[in-house]
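Have a look at the structure below before the remarks.
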Amino acid sequence: MYSFDYYNPTHISFGEGKITELDKLVPSKAKVLVLFGGNSAKRTGTLDEVKTALGQRDIVEFGGIEANPTYETLMQAVTVIKEEKIDFLLAVGGGSVIDGTKFVAAAALFEGEPWDILLSWGAKVIEAMPFGTVLTLPATGSEMNSASVVTRKEFQAKLSFMSDHVFPQFSVLDPTKTFTLPERQVANGVVDAFIHITEQYLTYPVNAPVQDRFAEGLLQTLIELGPKALSQPDDFDVRANLMWVATMALSGVIGKGIPHDWATHMIGHELTALYDIDHARTIAMILPGMLDCRRDSKQEKLLQYGERVWGITQGTIDERIDAAIAKTREFFEAMGIKTRLSDYDLTAASIDEIMTKLEKHGMTALGEKQDVDLTMSRKILERNL
């Protein structure tokens with residue numbers, strides 16, 4: 001296992017009715033900008049609960065943050081912050097709203113062009129506004145990490161950044177807030193969390209059994225509970241455990257001291273930016289081909305994954321790897337998520353467009369060994385066509 005530093009200051013308030021804790025968690029004198037997405041936060045009553053919990057605090061609302069938060073919309077929020085003299089941010093929504101709020105928190109205090117936050121992967125961020133979150137869609141783990149992904153429509157670019165300055169001060173996780181989610185969003189959340197785990201787990205062994213067993217347990221939990229979340233939408237225990245799995249998948253715990261991949265995400269981001277396909281669906285159509293094309297460099301972990309997660313112990317090395325990849329694809333399909341580019345009306349010409357964007361954005365040496373070059377990326381896309 002590699003040496004590492006681990007830091008995570010986010011306070012988690014987990015359970016039914018925990019929104020009332022906002023009165024204790026948000027500074028009493030704060031002027032709060034509440035950021036959210038579409039109308040669901042209003043329609044379900046969550047926004048009203050949040051405002052009630054905030055009591056007499058001065059509140060300004062900012063809605064309309066997209067499923068893939070855009071630079072253009074988020075910069076409007078920065079303008080509101082400056083005009084209204086906001087001093088605390090509260091994200092109410094899923095990972096997209098939280099990702100967007102992280103960017104806004106950094107951009108509001110940034111000297112210079114805020115797009116440089118993304119271009120520098122967060123290295124230029126030296127401060128950010130304080131903020132908390134109320135999670136309504138478990139998927140990205142953004143409620144307990146320092147990462148954010150933002151799309152700029154003008155450039156057809158989807159970029160990420162990380163900074164210790166954008167950890168949420170707190171996150172409220174109430175599983176009942178997921179009961180009204182559409183099946184599509186539930187399925188997306190399960191698959192997104194699953195692939196977050198594999199990006200950290202399916203690399204190569206470095207004698208880190210704690211991280212491996214933790215990751216395998218989380219994957220097995222998703223496999224067990226994912227279909228139940230669709231068939232039993234009001235089951236509190238199912239939704240509670242899924243919410244916590246998604247948080248743990250990207251809280252940093254399972255990823256410390258081990259190599260990371262993230263090539264699936266980098267390619268998937270280009271599909272989202274170009275074709276506005278749900279993030280979880282883009283990475284679901286990339287991962288199977290990614291594992292197939294890189295089976296030699298990932299052989300040990302793929303065999304371990306097949307045995308420990310799927311119970312695959314019989315056959316040759318290639319047969320066992322084939323079976324593990326097939327099981328993965330079958331799970332995504334069982335969750336209602338298609339896994340081929342052609343399922344989304346993408347063609348060989350689409351692959352050419354994606355390759356152009358990968359090269360433009362410098363995504364030419366991806367993966368845990370930096371061996372996923374443009375030739376390999378094309379092969380992965382063609383394998384999934």
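In this chain, numbering begins with 1 at the start of the sequence shown.
Screening Leu287, Ile283, Leu366 for a side-chain contact (heavy atoms from CB on, under 4.5 Å) involving His265 leaves a single residue, Ile283. With Cys293 as the partner, the side-chain contact (heavy atoms from CB on, under 4.5 Å) test is satisfied by one option alone out of Leu381, Asn384, Ile380: Ile380.
Residues passing the ring-ring contact (aromatic ring centres under 6.0 Å, His included) test with Phe194 are Phe331, Phe332, sequence neighbours excluded. With sequence neighbours left out, the salt bridge (charged side-chain N to carboxylate O under 4.0 Å, His left out) criterion links Asp276 to no other residue.
Looking at Tyr275 and Ile354, their side chains come closer than 4.5 Å, going by heavy atoms from C-beta outward. Residues Glu21 and Phe170 are not in side-chain contact: their nearest non-hydrogen atoms beyond the backbone lie 4.5 Å or more apart. Taking the side chain as every heavy atom from C-beta outward, Gln232 and Arg239 never approach each other to under 4.5 Å. Counting heavy atoms from C-beta outward, Arg57 and Phe88 have side chains that stay 4.5 Å or more apart. You'll find the side chain of Arg294 reaches within 4.5 Å of the side chain of Val372, heavy atoms only. By the 4.5 Å heavy-atom criterion applied to side chains, Phe103 and Leu118 are counted as neighbours.
Looking at Asp343 and Arg281, no side-chain N of the basic residue comes within less than 4.0 Å of a carboxylate O on the acidic one, giving no salt bridge. Using a cut-off of 4.0 Å between Lys/Arg side-chain N and Asp/Glu carboxylate O, Arg308 and Glu216 are scored as salt-bridged. A salt bridge is absent between Glu382 and Lys379; no separation between the charged side-chain nitrogens and carboxylate oxygens falls under 4.0 Å. For Arg295 and Asp318, the salt-bridge test passes: some basic side-chain N is under 4.0 Å from an acidic carboxylate O.
Defined by atom type and a distance below 3.5 Å, a donor-acceptor pair is present between the side-chain atoms of Thr339 and Glu333.
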Would you list the atom pairs, donor with acceptor, under 3.5 Å between side chains in residues 37-47 and any protein atom, with sequence neighbours excluded?
unit_1, atom_1, unit_2, atom_2, d
Thr44, OG1, Ser40, O, 2.8
Thr44, OG1, Thr46, OG1, 3.2

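In this structure, Lys301 satisfies the cation-pi test against Tyr201, with its NZ or CZ atom closer than 6.0 Å to the six-membered ring centre and inside 45 degrees of the ring normal.
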query: Could you go step by step and tell me if Ile223 and Trp310 meet the side-chain contact (heavy atoms from CB on, under 4.5 Å) rule?
result: CA-CA 9 Å; Ile223 292 165; Trp310 296 108; 3.4 Å; yes
